[in-house]
Amino acid sequence: MSTPDHSPLGKATVYADRYDPGLLFPIPRAAKRNEIGVGMPLPFHGTDIWNAYELSWLDMRGKPQAAVAEFRIPASTPNIIESKSFKLYLNGFAQEPLASTAALRALLQQDLTTAAGDVVEVILHPARTAAHTFTDLAGESIDELPVAIDDYGPPKADYLHADTAAAVVEETLVSDLLRSNCPVTGQPDWGSVQIAYRGAPIDREGLLRYLVSFRTHSEFHEQCVERIFMDISARCAPERLSVYARYTRRGGLDINPFRSSVPGNVPDNRRGARQ
C-alpha cells in the first residue's frame, strides 16, 4: 500500500550504497486532495521543486563525482514521492559506477517519472556552482503585525477573509513563520510562504493567524500548500492566486511546492537564507 504508514518514515533503515529504483515510495495525491475539495480538472497549476545537495556517484575509474540536483515534479502527477525514500534512493548512487553525468540524469528522470506517474524534469548542476543563489521571497512581510495568537492547529480557514467593499489590489505577502509536521514521524517542517494575488484585500492579521494555525498540523509539504491555496480561494475569492512555499532541507533535500491559478506561471529556484 502506498500510504505514509507503509513508507520508510520513522523506521530503522539500512542505507544502501548501490543503485536501487525500488527504494522510491510513491504516495497518491488523490486522498488528501479529496479531503480539501480538489477535484478534476485541477483548480491550480504548479510544480514541486526539490533540491538535492547530497548526490554523489563514481566515474568508470572509481573516482567519486558530486552534483547539486534540481527536480521539478508537476502538480498534475498522480503521486508525490515520500522524502526519506527519495533520500535513500539518491544515496544508493554513492558507490555506483556511471559512464557520465548524462547517464545519471537519464536514470534519475526514468525512475522519478515512473514513481511520480508523469514526466519529472531533472537538472544537474556542478557541485561548485552559483546556480543556487540566496534571496528572500519577494513581497511584503506580515510577520511584524502586532497580533496576539493562541491557536496553533489544526488549520483554521475561518481566520481568512477579504474586504469585498474595498478596491481591488494586486499584492504579494510573505511570512517566514510557516511550520507544520511530518504526518508519520512528527518531525517539524519549517518554511517561508509567499502569497501573490489580485482581488479584494485580504485581511493580513487573519492571514497571519491562519498560517500560524499550521504550527502543530501534520501534513506533507505539498499538501499544506494545496490546503493554503484552496482555503484562500474559497474564503477570499481572489481573481488570481499563487502560493509558493520554500521549506528548509532535511537529509540533504528541500521541497518547494508552488500552486497558481495562472497557467505557465513558473517560480524561480533561488533559495532563502534558511535553506
Side-chain angles (χ1 to χ4, degrees), residues 27 29 32-33 36 38 40-52 68-83 86 112-113 116-123 125 131-142 155 170-180 189-199 202 207 210-211 214 219-234 236 238-250 253-275:
I27 297 175
R29 298 185 192 265
K32 273 293 179 179
R33 285 181 169 174
I36 60 174
V38 175
M40 295 298 290
L42 293 175
F44 45 67
H45 310 269
T47 187
D48 303 324
I49 303 173
W50 295 63
N51 296 303
V68 174
E70 175 182 339
F71 309 102
R72 290 181 174 254
I73 303 176
S76 57
T77 58
N79 304 318
I80 62 174
I81 300 173
E82 187 274 312
S83 59
F86 206 148
L112 295 171
T113 294
D118 204 347
V119 177
V120 173
E121 182 182 5
V122 178
I123 304 166
H125 302 287
H132 292 268
T133 56
F134 290 100
T135 187
D136 291 323
L137 282 172
E140 186 176 352
S141 175
I142 60 174
E170 190 163 351
E171 63 181 1
T172 302
L173 305 176
V174 296
S175 174
D176 297 309
L177 303 183
L178 181 63
R179 179 191 187 270
S180 54
D189 296 317
W190 305 91
S192 300
V193 61
Q194 177 192 69
I195 295 162
Y197 74 97
R198 174 181 170 81
I202 295 174
L207 176 61
Y210 168 71
L211 294 174
F214 278 81
E219 237 173 11
F220 291 123
H221 306 65
E222 303 92 334
Q223 296 163 350
C224 287
V225 169
E226 292 185 359
R227 184 180 293 275
I228 293 169
F229 182 96
M230 295 301 291
D231 284 346
I232 293 176
S233 296
C236 303
E239 298 172 17
R240 296 198 304 268
L241 174 65
S242 297
V243 178
Y244 187 24
R246 303 282 309 186
Y247 281 91
T248 59
R249 75 179 77 166
R250 185 188 298 157
L253 287 170
D254 64 42
I255 309 171
N256 310 281
F258 174 77
R259 300 293 183 268
S260 179
S261 62
V262 182
N265 192 6
V266 179
D268 63 35
N269 188 26
R270 291 181 292 173
R271 53 182 168 150
R274 292 194 294 168
Q275 294 184 297

| Can you name the one residue among Trp50, Tyr244, Phe44, Phe229 that meets ring pair (Phe, Tyr, Trp, His ring centres under 6.0 Å) with Phe258? | Tyr244
| query | If you round to the nearest 0.5 Å, how far is CD1 of Ile195 from CD1 of Ile232? | reply | 4.0 Å
| For the residue pair Val120 and Thr113, what are the closest heavy atoms and their distance? | N-OG1, 3.0 Å
| message | For a 4.5 angstrom cut-off between non-hydrogen side-chain atoms, does Arg246 reach Asn269? | response | yes
| field | Beyond-backbone contact of Glu219 with Ser180, side-chain heavy atoms, under 4.5 angstrom | value | no
| note | Scanning both residues in full, the closest heavy-atom pair of Asp254 with Thr248 reads CB-C, 4.1 Å
| Distance-only, no hydrogens or angles: does the Gln275 side chain make a donor-acceptor pair with backbone N or O of Tyr247 under 3.5 Å? | yes
| Regarding Arg271 and the six-membered ring of Phe134, is the cationic atom NZ or CZ under 6.0 Å from the ring centre and inside 45° of its axis? | yes
| Shortest non-hydrogen contact from Ile49 toward Pro267 | CD1-CG, 3.9 Å
| query | Which distance, rounded to the nearest 0.5 Å, do you find between the CD1 of Ile36 and the CD of Gln223? | reply | 8.0 Å
| said: Does any part of the side chain of Glu170, heavy atoms only, come nearer than 4.5 Å to the side chain of Glu239, both counted from C-beta? | reply: no
| Donor-acceptor contact present, side-chain Ser260 to main-chain His45, <3.5 Å | no
| Does the side chain of Arg227 reach to within under 4.5 Å of the side chain of Phe214, using non-hydrogen atoms? | yes
| query | Between Gln194 and Ala138, is there a donor-acceptor pair closer than 3.5 Å when you use the side chain of the first and the backbone of the second? | reply | yes
| query | In terms of side-chain geometry, is the basic nitrogen of Arg274 or Asp136 positioned less than 4.0 Å from the acidic oxygen of its partner? | reply | no
| Looking at Glu222 and Arg29, does any basic side-chain N land under 4.0 Å from a carboxylate oxygen? | no
| request: Apply side chain to side chain contact (heavy atoms under 4.5 Å, CB included) to the pair Leu177 and Leu211, showing each step before the final yes or no. | output: CA-CA 7 Å; Leu177 303 183; Leu211 294 174; over 6 Å; no
| Does the Ser141 side chain pair with the main chain of Ser175, one donor and one acceptor, at a distance under 3.5 Å? | no
| message | Measuring from atom OG of Ser192 to atom CG of Leu137, what distance do you get when rounded to the nearest 0.5 angstrom? | response | 6.0 Å
| task | Determine the interplanar angle of the Phe71 and Phe86 rings, folded into 0 to 90°, and report it as parallel if under 30°, tilted if 30 to 60°, perpendicular if over 60°. | result | tilted
| Working for side chain to side chain contact (heavy atoms under 4.5 Å, CB included), residues Glu121 and Thr47 | CA-CA 10 Å; Glu121 182 182 5; Thr47 187; over 6 Å; no
| task | Answer yes if the side chains of Arg259 and Asn265 hold a donor-acceptor pair under 3.5 Å, and no otherwise. | result | no
| Would you call His221 and Asp48 a side-chain contact if the rule is heavy atoms closer than 4.5 Å? | no
| message | Less than 4.5 Å apart, side chain to side chain, heavy atoms only: is that true for Val68 and Asn51? | response | no
| request: Taking the side chain as every heavy atom from C-beta outward, state whether Ser233 and Leu241 have any atom pair closer than 4.5 Å. | output: yes
| Shortest non-hydrogen contact from Pro78 to Ala116? | CD-O, 3.1 Å
| message | Are the side chains of Ile142 and Glu140 in contact, using a 4.5 Å heavy-atom criterion? | response | no
| said: Give me the atom names and distance for the closest heavy-atom approach of Ser76 to Leu42. | reply: CA-CD1, 3.9 Å
| query | Which pair of non-hydrogen atoms, one from Thr172 and one from Ala196, has the smallest distance, and what is that distance? | reply | OG1-CB, 3.6 Å
| said: Could you work out, with side chain to side chain contact (heavy atoms under 4.5 Å, CB included) as the rule, every residue matching Glu171, not counting sequence neighbours? | reply: Val169, Leu173, Tyr197, Arg204
